[in-house]
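Excluded from the calculations below are hydrogen atoms, water molecules and symmetry mates; all remaining heavy atoms, backbone and side chain alike, are included.
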Amino acid sequence: MYKKTAIIITIILCFTYYIPVLSYAAEAPEIDCPAAILIDSASGRILYERNMHQKMYPASITKIMTAVLALERGNLKDMVTASLDAVTSVGPGGSHIGILPGETLSLEDLLYGLMVASANDGANVIGEYISGSMDEFVNLMNQRAIELGAINTHFTNTNGMPDDEHVTTAYDMAMIAKHAMTIPKFREIVSTSYYEIEPTEKYKEKRYLSNTNHLINKYRATKSYNYYYEPAIGIKTGYTDQANYTLAGAARKNRIELITVVMGGKAVDGKLQIYEDTIKLLEYGFNNFSTQTIVRPG
């Protein structure tokens with residue numbers, strides 16, 4: 001017993017541990033989205049929450065889980081052929097990258113299409129590639145959600161298209177996003193503002209993808225609003241009529257990395273609540289918390 005304890009202590013003393021500490025008592029920001037959370041990415045500590053366990057419709061932030069499973073179980077260089085069912089079952093009105101039945105793309109290109117351009121068709125193709133069918137992939141999504149602590153989440157599809165039983169919470173999505181950001185390729189993809197898919201046997205021209213996330217894509221700015229946020233490093237936007245606007249965000253500054261999830265936002269007077277609230281939460285976190293060393297090596 002003493003030997004085991006000594007080994008554990010020795011391992012601990014080989015590393016430096018940090019924890020976010022409130023610098024001073026600051027008033028939490030007022031936000032408009034009905035559900036939100038702000039966490040420290042490293043520790044998972046909750047720095048702000050509003051209805052974080054309320055079940056909500058996630059829309060396309062669902063694709064964070066789809067990407068996680070693809071990266072954990074797939075090979076980026078694998079060439080994946082789209083089935084007719086995967087392409088045609090996305091339904092009308094959803095975002096896509098125009099994948100055609102029988103078209104072959106690398107898993108890497110599909111992931112960029114998924115997370116940069118929010119491709120519903122790409123999500124379905126990935127699901128079939130990983131699990132053999134979209135239904136089996138959804139089962140895997142729900143299993144992995146539980147493993148990551150997202151116990152109030154239930155997915156029914158790969159991409160977040162409207163379904164009364166396709167629900168999650170701000171807390172659950174923060175836990176999924178926290179894990180996702182430990183995967184280097186995920187971090188690379190979700191911080192990419194622009195991506196090109198080379199021609200395929202179905203397309204003679206390149207496809208140009210522009211990230212839907214205004215936080216990292218300054219070219220999304222308009223005369224009405226500009227939500228480009230320099231410390232931002234990801235993650236994913238979402239929208240359906242059922243869910244309204246959703247956003248999982250991440251940013252890094254002063255040795256602190258923060259993750260936010262806001263859900264149920266609306267467009268009011270030309271402003272998008274998800275971005276207004278996300279930036280408020282990130283600024284609150286960066287301005288009022290500092291990283292303190294709690295254990296040093298040795």
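The six-membered or imidazole ring of Y225 lies near that of Y227, with a centre-to-centre distance under 6.0 Å.
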Show me the donor-acceptor pairs, under 3.5 Å and distance only, between side chains in residues 145-152 and residues at least two apart or in other chains.
unit_1, atom_1, unit_2, atom_2, d
E147, OE1, R144, NH1, 3.0
E147, OE2, Q143, NE2, 3.3

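Defined by atom type and a distance below 3.5 Å, a donor-acceptor pair is missing between the side-chain atoms of S118 and T212.
When T200, T81, D109 are each tested for a side chain to side chain donor-acceptor pair (under 3.5 Å) with T104, only one passes: T81.
For the pair R50 and E30, the salt-bridge criterion is not met [side-chain N within less than 4.0 Å of a carboxylate O]. Between K206 and E198 a salt bridge is recorded (basic side-chain N to carboxylate O distance below 4.0 Å). Under a 4.0 Å N-O distance rule, the pair R45/E257 does not qualify as a salt bridge.
The aromatic rings of F155 and H166 sit tilted, their planes meeting at an angle between 30° and 60°. Between Y239 and Y245, the ring planes lie tilted relative to each other; the angle falls in the 30° to 60° range.
Listed by first and then second residue, the salt bridge (charged side-chain N to carboxylate O under 4.0 Å, His left out) pairs involving residues 150-171 amount to none (not counting sequence neighbours).
Put simply, the side chain of D40 never gets that close to the backbone of L258: no donor and acceptor are under 3.5 Å apart.
Applying the ring-ring contact (aromatic ring centres under 6.0 Å, His included) rule to F186 yields no partners; only residues at least two apart in sequence or on another chain are considered.
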